[in-house]
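Step one of this worksheet: look at the structure below.
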Amino acid sequence: MNNVDFNKRKVLITGGLGFIGSNLARHLVKQGAEVLLVDSLIPEYGGNLRNIAGIEDQVEVNISDVRDEHSMQYLVQGQDYLFNLAGQTSHMDSMEEPYTDLEINCHAQLSILEACRKYNPDIKVVFASTRQLYGKPDYLPVDEQHPLRPVDVNGINKMSGEWYHLLYHNVYGIRTSVLRLTNTIGPRMRIKDARQTFLGVWIRLLLEGKSFEVWDGDQLRDFTYVDDAVSAFLLAAAHNQANGQVFNIGGRRPISLKDTAELLVEANGEGEYDIRSYPSDRKRIDIGDYYADFNLIRSTLGWSPKVTLTEAFDHTLAFYNKNLPHYL
Ligand SMILES: NC(=O)c1ccc[n+]([C@@H]2O[C@H](COP(=O)([O-])OP(=O)(O)OC[C@H]3O[C@@H](n4cnc5c(N)ncnc54)[C@H](O)[C@@H]3O)[C@@H](O)[C@H]2O)c1
């Protein structure tokens, strides 16, 4: 996946019991890294101990909240890498509880970086940012030069979190890299509800034999399979060309939501959905069509998404067919 050796390297993953963090942990454990997972396991969020089933004896887990400055000051010490993925991910929750989102996605990010500056300035940090920062695209595909115009509280706070990482590189020389992720899917994604992605709840309803709702079927999106996202994190960690850089992560090709639903039903062998218009509270913070231009990471680090959407759905459905009760 990447030619840098993580064997025996000390790695801290915040949000490590969540979807992407736990998949990243699996890859790092395979490469012989010493992995420490920090996660608050707040029930409404995506953390789940089941996500580390099979590797629980090969990772260390610390149930801490990244808002706890003292814990973070201690936990960053001695680490070679920090994959900073802890976050409040729901756009709707960020509108209903804006201060919680502010604390986790903005304030805590600053204190994590302060902890690095004071206690481990040689650490390499990769931050999980989001395409939500762009807001409604002026043009497609969206490259990193596109204006940033977040449409919700979550987008503003993630933008601050991201810029603190860049600032700490530019001012203090801490090696930080930022990945702006698009919809990421795969085993261990949150399917209980739509807090992580609408696809989660589609998959749950499909597997329960119920019809799911597709809002505005013509809307375009791109999807990254989680293993491809993980490879981007590892490449950004491993290569100094990534320091101080922001990279879009995208999917192999854009697809309408209706075609996405068709593909998902096909992968499952059966299923039904209804096309509806957007509910008004969601429409206000909807970004319309989006898909990423990821040429910068392709040319800088050689990353491109390998897994097709059909393969992604096959792997994801196979996982939940076996593990559904642990994710409801
Ligand atoms: N999944 C996507 O499609 C997507 C898209 C764009 C950006 N991202 C970003 O990637 C990161 C990981 O997302 P994910 O999809 O794995 O979501 P996730 O919800 O599965 O993972 C986030 C983890 O962070 C933990 N967490 C939340 N608040 C915390 C706190 N205060 N202290 C400690 N841990 C806390 C949660 O318990 C959870 O395990 C997030 O920062 C998210 O904003 C994800």
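In listed order, ligands and their atoms are each counted from 1.
Remark: ligand 1 and Thr184 share an N or O pair separated by less than 3.5 Å (distance only, no angle test). On a distance-only criterion, Asp65 and ligand 1 share at least one N/O pair closer than 3.5 Å. Backbone and side-chain nitrogen or oxygen atoms of Gly21 are examined, and none is located within less than 3.5 angstrom of a nitrogen or oxygen of ligand 1. On a distance-only criterion, Lys158 and ligand 1 share at least one N/O pair closer than 3.5 Å. Remark: ligand 1 and Arg131 share no N or O pair separated by less than 3.5 Å (distance only, no angle test). In terms of polar-atom proximity, defined here as any N/O pair under 3.5 Å, Ile42 makes no such contact with ligand 1. At a 3.5 angstrom cut-off on N or O pairs, Leu181 does not count as close to ligand 1.
Interface atoms of ligand 1 facing Val66, defined by a heavy-atom separation under 4.0 Å, are 30 (C), 31 (N), 32 (N), 33 (C). Every atom of ligand 1 with a heavy atom of Gly18 under 4.0 Å away is listed here by number and element: 20 (O), 21 (O), 38 (C), 39 (O). Against a heavy-atom cut-off of under 4.0 Å, Tyr45 is close to the following atoms of ligand 1: 27 (C), 28 (N), 36 (C), 37 (O). Close contacts of ligand 1 with Gly47, meaning ligand atoms under 4.0 Å from a residue heavy atom, involve 36 (C), 37 (O), 38 (C), 39 (O). Ligand 1 places these atoms under 4.0 Å from at least one heavy atom of Asn183: 3 (O). Residue contact check: Ser129 has heavy atoms under 4.0 Å from atoms 6 (C), 7 (C) of ligand 1. Applying the 4.0 Å criterion to heavy atoms of Leu17 picks out, from ligand 1, the atoms 39 (O). Atoms of ligand 1 lying under 4.0 Å from any heavy atom of Thr182, numbered from 1 in the order shown and given with element: 3 (O), 5 (C).
Of all the heavy atoms of Ala108, none lies under 4.0 Å from any atom of ligand 1, so neither backbone nor side chain is involved.
With hydrogens and angles ignored, the 3.5 Å screen pairs a side-chain donor or acceptor of Gln88 with a backbone N or O of Ser90. Side-chain atoms of Asp222 come within 3.5 Å of backbone atoms of Ala292 as a donor-acceptor pair (strictly under, hydrogens ignored). For the pair Asp228 (side chain) and Lys306 (backbone), a donor-acceptor distance under 3.5 Å is present.
Ring planes of Tyr134 and His146: perpendicular class, angle over 60° (limits at 30 and 60°).
Using a cutoff of 4.0 Å between basic side-chain nitrogens and carboxylate oxygens, Arg67 and Glu103 are not scored as salt-bridged. Remark: Lys258 does not engage Asp274 in a salt bridge, criterion side-chain N to carboxylate O under 4.0 Å. Taking 4.0 Å as the cut-off between side-chain N and carboxylate O, Arg180 and Glu162 count as a salt-bridged pair. Salt-bridge check for Arg284 with Asp281: failed, with every basic side-chain N at 4.0 Å or more from each acidic carboxylate O.
No heavy atom of Arg190 sits closer than 4.0 Å to any atom of ligand 1. In this structure, Thr197 does not count as a contact residue of ligand 1, since none of its heavy atoms falls inside 4.0 Å of the ligand. Contact annotation: Ala229 has no heavy atom less than 4.0 Å from any atom of ligand 1.
Between the choices Ala128, Ser40, Ser90, Ser71, the shortest heavy-atom distance to atom 29 (C) of ligand 1 belongs to Ser40. Considering Asn154, Val38, Ile20 only, the shortest heavy-atom separation from atom 16 (O) of ligand 1 involves Ile20.
The protein atom (non-hydrogen) at minimum distance from atom 23 (C) of ligand 1 is Gly15 CA, 3.5 Å. Nearest protein neighbour of atom 11 (C) of ligand 1, counting heavy atoms only, is Leu85 O, 3.3 Å. The protein atom (non-hydrogen) at minimum distance from atom 18 (P) of ligand 1 is Gln196 NE2, 3.2 Å. What sits closest to atom 39 (O) of ligand 1 on the protein, heavy atoms only, is Asp39 OD2, 2.6 Å. Residue, atom and distance of the protein heavy atom nearest to atom 27 (C) of ligand 1 are Gly87 O, 3.2 Å.
With a 6.0 Å cutoff to the six-membered ring centre and a 45° limit on the axis angle, Lys283 counts as a cation-pi contact of Tyr278. Stacking of Arg188 on the aromatic ring of Phe19 is not recorded, the 6.0 Å distance cut-off and the 45° axial limit not both being met.
Under the 3.5 Å distance criterion, with hydrogens and angles disregarded, no donor-acceptor pair is assigned to the side chains of Asn51 and Asn48. A donor-acceptor pair shorter than 3.5 Å can be found between the side chains of Glu262 and Tyr273.
Looking at residues two or more places apart in sequence or on another chain, you find a ring pair (Phe, Tyr, Trp, His ring centres under 6.0 Å) between Tyr320 and Tyr327.
Note: Phe294 and Trp303 meet the aromatic proximity criterion, with ring centroids under 6.0 Å apart. Ring to ring, Phe6 and Tyr81 are close: their centroids are under 6.0 angstrom apart.
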